[in-house]
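To keep things clear, I will list the structure first and then write my remarks on it.
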Amino acid sequence: MAAFWLISIIVLVLLSGESNANPAASQQSQLDVNHRKPLQTFRPYNIAHRGSNGEIPEETTAAYLRAIEEGADFIESDILATKDGHLICFHDVILDATTDIANRTEFANRKRTYEVERQNVTGWFVVDFTLEELKSLRVKQRYNFRDQHYNGKYQIITFDEYILIALYADRVVGIYPELKNPIFINEHVKWSDGKKFEDKFVQTLLKYGYKGEYMSEDWLKQPLFIQSFAPSSLIYMSNMTNSPKIFLIDDTTVRTQDTNQSYYEITSDAYLAFIRKYIVGIGPWKDTIVPPINNYLGPPTDLVARAHALNLQVHPYTFRNENMFLHFDFHQDPYLEYEYWLGEIGVDGLFTDFTGTLHRFQECTTPYPKNEKNAEALLQKINYMLKDSGY
């Protein structure tokens with residue numbers, strides 16, 4: 001716990017003057033990224049979904065620091081844009097569910113109704129506020145059945161701040177940012193240089209040195225997965241960066257936000273064979289891989305097997321400890337759920353709200369080999385290269 005607060009103080013000092021929150025890239029060049037404990041690559045990735053948000057309000061500095069302390073391999077974030085063009089870490093296009101905006105009388109007249117993914121949505125929209133205004137808000141826990149103790153303590157952070165949290169960790173921690181609602185953002189936010197949301201997103205990553213194909217030397221120094229539900233954005237960004245990309249897949253009833261394709265179209269053999277030219281994996285909602293029946297597990301689909309046959313990774317979402325999120329088969333035990341998904345389904349990473357739970361499970365079942373960490377990482381890299389070469 002003491003380490004957590006020490007890191008918190010360091011990050012706060014590094015991010016002083018955060019109202020503008022656009023640290024110079026020269027800060028990153030001072031980092032010693034070559035001599036930190038490397039990213040583990042011998043077991044599936046522990047992806048901290050919006051930080052350790054089962055404990056602390058999502059996408060805050062504290063949530064990310066907690067996730068790192070608890071053993072996350074990657075910290076995940078959703079990226080949106082403000083009215084004045086700054087990129088921030090926030091999940092919803094409206095502020096209603098996870099901030100105190102409803103209590104801020106000075107913003108009462110900012111409530112709007114916009115079309116988002118072919119539906120009308122009413123609320124206080126991120127795109128109608130400047131970064132300075134958003135920084136004045138305070139974040140709260142999304143779910144009322146989770147700890148409310150931290151409500152009001154933290155503020156919205158920027159994409160830059162999130163990146164620096166990972167870069168200043170005492171070991172290699174990957175980032176896993178999602179380009180969120182690009183169609184909506186590009187419609188409502190305009191940059192003076194004519195750039196798009198995707199351009200600003202990739203420019204920020206390149207500014208901090210994120211580059212390189214999956215398992216390359218550059219990637220292992222600063223691991224990154226770029227994710228999006230919008231396949232056209234992933235393809236567009238492929239022209240700007242060779243960093244690995246993950247195509248997110250929603251419920252079977254949801255069409256893609258940009259190309260208006262059905263779930264069955266985008267999970268077909270033909271489409272997966274097409275999109276694999278631009279991505280290294282898919283991130284499906286877990287209930288589409290193993291559809292439940294009356295809250296019991298049904299027969300698994302063949303999506304994981306078909307993805308693996310194309311050398312695509314599978315990182316399903318979202319794993320949560322609470323009983324309401326656990327199917328009856330797991331008897332209110334999240335460890336049983338991890339055992340099933342890692343052992344029987346065989347996925348390559350998991351998005352979890354409870355990083356510490358997944359880390360403890362993996363430390364018990366697949367701990368670091370004694371004196372073999374470097375050899376194992378090298379073996380993983382060689383195996384991946386051989387597979388990619390068709391051997």
Side-chain angles (χ1 to χ4, degrees), residues 15 18-23 25 50 58-60 76-99 101 104 106-137 139 155-164 175-208 210 226-241 243 245 248 256-260:
L15 302 177
E18 64 182 3
S19 60
N20 292 322
N22 188 23
R50 308 179 204 168
E58 64 189 49
E59 310 203 343
T60 59
E76 187 264 354
S77 181
D78 306 278
I79 308 301
L80 291 170
T82 68
K83 180 180 180 180
D84 50 347
H86 293 278
L87 303 189
I88 63 167
C89 297
F90 204 77
H91 180 270
D92 302 349
V93 292
I94 58 174
L95 298 158
D96 305 39
T98 57
T99 76
I101 187 69
R104 300 292 294 273
E106 69 270 35
F107 298 134
N109 64 348
R110 300 281 188 94
K111 204 168 191 178
R112 300 285 188 272
T113 299
Y114 293 134
E115 182 180 327
V116 183
E117 296 185 39
R118 298 176 286 277
Q119 293 185 348
N120 286 333
V121 176
T122 299
W124 285 274
F125 283 81
V126 167
V127 295
D128 289 329
F129 292 81
T130 66
L131 178 60
E132 183 177 4
E133 290 171 331
L134 291 173
K135 284 287 189 179
S136 73
L137 303 177
V139 178
Q155 62 183 180
I156 294 170
I157 66 172
T158 65
F159 192 15
D160 293 80
E161 291 173 317
Y162 156 79
I163 288 172
L164 288 175
I175 61 171
Y176 208 129
E178 177 186 346
L179 190 82
K180 197 76 176 179
N181 293 98
I183 302 298
F184 179 80
I185 294 298
N186 280 320
E187 179 183 356
H188 291 275
V189 180
K190 304 299 179 183
W191 284 270
S192 58
D193 54 7
K195 297 292 186 180
K196 296 170 58 177
F197 183 28
E198 290 90 342
D199 298 313
K200 293 295 184 180
F201 177 85
V202 173
Q203 285 173 2
T204 303
L205 293 170
L206 294 175
K207 180 178 71 173
Y208 288 100
Y210 285 92
I226 295 171
Q227 56 172 334
S228 182
F229 284 100
S232 61
S233 289
L234 293 170
I235 294 171
Y236 179 83
M237 289 186 289
S238 294
N239 295 319
M240 296 182 282
T241 176
S243 292
K245 300 163 191 71
L248 298 174
T256 55
Q257 57 189 252
D258 55 340
T259 56
N260 198 29

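These numbers come from a predicted model, not from an experiment.
- With contacts defined as side-chain heavy-atom distances shorter than 4.5 Å, the pair V126/V93 does not qualify.
- For Q119, the CD atom sits in a loose shell: 12 or fewer heavy atoms of surrounding residues, nucleotides or ligands are nearer than 6.0 Å.
- Rounded to the nearest 0.5 Å, atoms NE2 (H91) and NZ (K180) are 3.5 Å apart.
- Taking each heavy atom of S243 and I226 in turn, the nearest pair found is CB-CD1, 4.3 Å.
- Atom CG in L87 sits 12.5 Å away from atom CD1 in I157 (nearest 0.5 Å).
- At distances below 3.5 Å, at least one donor-acceptor pair connects side-chain atoms of N186 with backbone N or O atoms of P182.
- K245 meets the salt bridge (Lys or Arg N to Asp or Glu O under 4.0 Å) test with no other residue; sequence neighbours excluded.
- In this structure V139 satisfies the side-chain contact (heavy atoms from CB on, under 4.5 Å) test together with P57, T60, I156, sequence neighbours excluded.
- Between K200 and the options E198, K196, Q203, a side-chain contact (heavy atoms from CB on, under 4.5 Å) holds for only Q203.
- A salt bridge links K207 and D160; the closest N-O separation between the charged side-chain nitrogens and carboxylate oxygens is under 4.0 Å.
- Under a 3.5 Å cut-off, the side chain of T241 and the backbone N or O of M237 do not form any donor-acceptor pair.
- Taking all atoms of both residues into account, the shortest heavy-atom contact from K190 to E187 is CE-O, 3.6 Å.
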Worksheet item: Checking side chain to side chain contact (heavy atoms under 4.5 Å, CB included) for the pair L179/I79: CA distance, chi angles, key distance, verdict?
Response: CA-CA 5 Å; L179 190 82; I79 308 301; 5.7 Å; no
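- Between I88 and L134 the shortest side-chain heavy-atom distance falls below 4.5 Å.
- For the atom pair CG of D78 and OH of Y176, the computed distance is 12.0 Å after rounding to the nearest 0.5 Å.
- Distance check, rounded to the nearest 0.5 Å: OG of S228 to CG of L248 gives 6.5 Å.
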Practice prompt. Check the pair D128 / K83 against side chain to side chain contact (heavy atoms under 4.5 Å, CB included), numbers first and verdict last.
Written response: CA-CA 5 Å; D128 289 329; K83 180 180 180 180; 5.5 Å; no
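- Not a single donor-acceptor pair under 3.5 Å links the side chain of Q257 to the backbone N or O of I183.
- R112 places no side-chain N or O within donor-acceptor distance of the main-chain N or O of T122, the cut-off being under 3.5 Å.
- Under the 4.5 Å side-chain criterion, counting only non-hydrogen atoms from C-beta, D96 is in contact with W124.
- Remark: the D258 side chain and the Y236 side chain contain no N/O donor-acceptor pair separated by less than 3.5 Å.
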Practice prompt. Run the numbers on K135 and T158 for side chain to side chain contact (heavy atoms under 4.5 Å, CB included), then give the verdict.
Written response: CA-CA 9 Å; K135 284 287 189 179; T158 65; 4.3 Å; yes
Item to complete: Dump the intermediate steps for salt bridge (charged side-chain N to carboxylate O under 4.0 Å, His left out) on E133 and R110, then the final yes or no.
Response: CA-CA 12 Å; E133 290 171 331; R110 300 281 188 94; 2.7 Å; yes
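- Remark: side-chain polar atoms of E59 are not paired, donor with acceptor, to backbone N or O of S77 under 3.5 angstrom.
- Side-chain contact between Y114 and I94: absent, with no pair of heavy atoms (C-beta onward) separated by less than 4.5 Å.
- With respect to F129, the side-chain contact (heavy atoms from CB on, under 4.5 Å) criterion is satisfied by exactly one of L95, L137, T82: L95.
- Taken from CG in N181 to OG in S233, the straight-line distance is 10.0 Å, to the nearest 0.5 Å.
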Worksheet item: What's the verdict on side chain to side chain contact (heavy atoms under 4.5 Å, CB included) for F90 and T99, showing C-alpha distance, side-chain angles and the deciding distance?
Response: CA-CA 10 Å; F90 204 77; T99 76; 3.7 Å; yes
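- Annotation for F197 and L80: closest pair CZ-CA, 4.0 Å, computed over non-hydrogen atoms.
- Between F125 and F184, the shortest heavy-atom distance links the atoms CD2-CZ, 3.5 Å.
- Annotation for V189 and G85: closest pair CG1-CA, 4.1 Å, computed over non-hydrogen atoms.
- Across all their heavy atoms, F159 and P177 have their closest contact at CE1-CB, 3.9 Å.
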